[in-house]
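Written out below as structure tokens is the structure these notes cover.
Index from 1, following the sequence.
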Amino acid sequence: MKLKKILLGAVLVLASSISNAGLITASDVTASSTFFSYNVDNLINGSGLSGAEHSGNFVNKWMTDGTVTGVLTFDLGAIFDISSSSIWNYGGGCCGTGRSVKDLGIEGSLDGVTYFTIGDFVLNESAGTPIFSETIALNTTAQYLKFNLNSNYGDTFTGLSEVQFDGVISSVPEPTSIALFSLCLALIGFSRKK
């Protein structure tokens, strides 16, 4: 009876992890370049955020190393059905709003090798601090998202403050999840026979 409860709990946890929608925590982000005193991980670690606002403090932002264009690649750690992205542009705080991304091209990938186009977006220039997010619809399935920063609002550097994604784990779970789920069901069936 005790084993049955444990196995049922494992099945419920696994099933809920497959179906729960919400904030996706990116596991990694890389940048084509990063200015020496900035950290690209600031884009995914929530630093500078208080609720829905970003403080605008430069120590909690990211920017390129003296280039107007750049590329950011986000690894979500698994394949997700992604509904949207919330983006806190560079905005105010340090050095003006001209560093805010203007033209943004987004691509997706299931494997990190072959990418497909999701869309081209024009982000608003953030007015000052605190910085508020802008939400864009993505409606795609991917593990990797590539942000092509194509222009800004008039500076020689380009940056962002924070990026988040919303969605649910893909309806086609990875093979390990399927195997674990099947094993749990088989053990429940076996325990009923006893």
(message) Has Ser33 got a side-chain atom pairing as donor or acceptor with Asp65's backbone, closer than 3.5 angstrom?
(response) yes

(request) Spell out, as yes or no, whether a donor-acceptor pair under 3.5 Å connects the side chain of Asp111 to the backbone of Thr114. (result) yes

(request) With the side chain counted from C-beta on, respond yes when Thr141 and Ile82 share a heavy-atom pair under 4.5 Å apart, and no when they do not. (result) no

(request) Give a yes or no on whether the backbone of Tyr90 and the side-chain of Lys61 come within a donor-acceptor separation of less than 3.5 Å. (result) yes

(request) Check for a donor-acceptor pair, side chain of Thr64 on one end and backbone N or O of Thr158 on the other, with a separation under 3.5 Å. (result) yes

(message) Tell me whether Glu107 contacts the main-chain N or O of Phe147 through its side chain, where contact means a donor paired with an acceptor under 3.5 Å.
(response) no

(message) Assess, by modelled atom type and distance only, whether the side chains of Ser126 and Asn89 contain a donor and an acceptor separated by less than 3.5 Å.
(response) no

(message) If we ignore hydrogens and angles and just use 3.5 Å, is the side chain of Asp28 paired with the main-chain N or O of Leu76 as donor and acceptor?
(response) no

(message) So, using side chain to side chain donor-acceptor pair (under 3.5 Å) as the criterion, who are the partners of Thr69 when residues are at least two apart?
(response) none

(request) Would you check if Thr73 and Lys146 make a side-chain contact, meaning some heavy-atom pair closer than 4.5 Å? (result) yes

(message) Would the distance check show the side chain of Ser85 and the main-chain N or O of Gln164 forming a donor-acceptor pair, the cut-off being under 3.5 Å?
(response) yes

(request) For Ser27 and Asp75, indicate whether the former's side chain and the latter's backbone hold a donor-acceptor pair under 3.5 Å. (result) yes

(request) Tell me yes or no: between the side chains of Asp166 and Ser83, is some donor less than 3.5 Å from an acceptor? (result) no

(message) Assigning hydrophobic clusters by single linkage (Ile, Leu, Val, Met, Phe, Trp, Tyr; side-chain heavy-atom cutoff under 4.5 Å), is Tyr144 placed with Phe116?
(response) no

(request) Would you confirm whether Asp155, through its side chain, and Gly98, through its main-chain N or O, come within 3.5 Å as a donor-acceptor pair? (result) no

(request) Taking ring pair (Phe, Tyr, Trp, His ring centres under 6.0 Å) as the test, write out the residues that go with Tyr153, two or more places apart. (result) none

(request) Describe, in one word, how the ring planes of Phe58 and Tyr38 are oriented to each other, choosing from parallel (under 30°), tilted (30 to 60°) and perpendicular (over 60°). (result) tilted

(message) Under 6.0 Å between ring centres: does that hold for Phe165 and Phe74?
(response) yes

(request) Could you tell me which residues satisfy side chain to side chain donor-acceptor pair (under 3.5 Å) with Trp62, sequence neighbours excluded, listed by chain and number? (result) Thr34

(message) Donor-acceptor pair, distance only, cut-off 3.5 Å: does the side chain of Ser151 make one with the backbone of Lys102?
(response) no

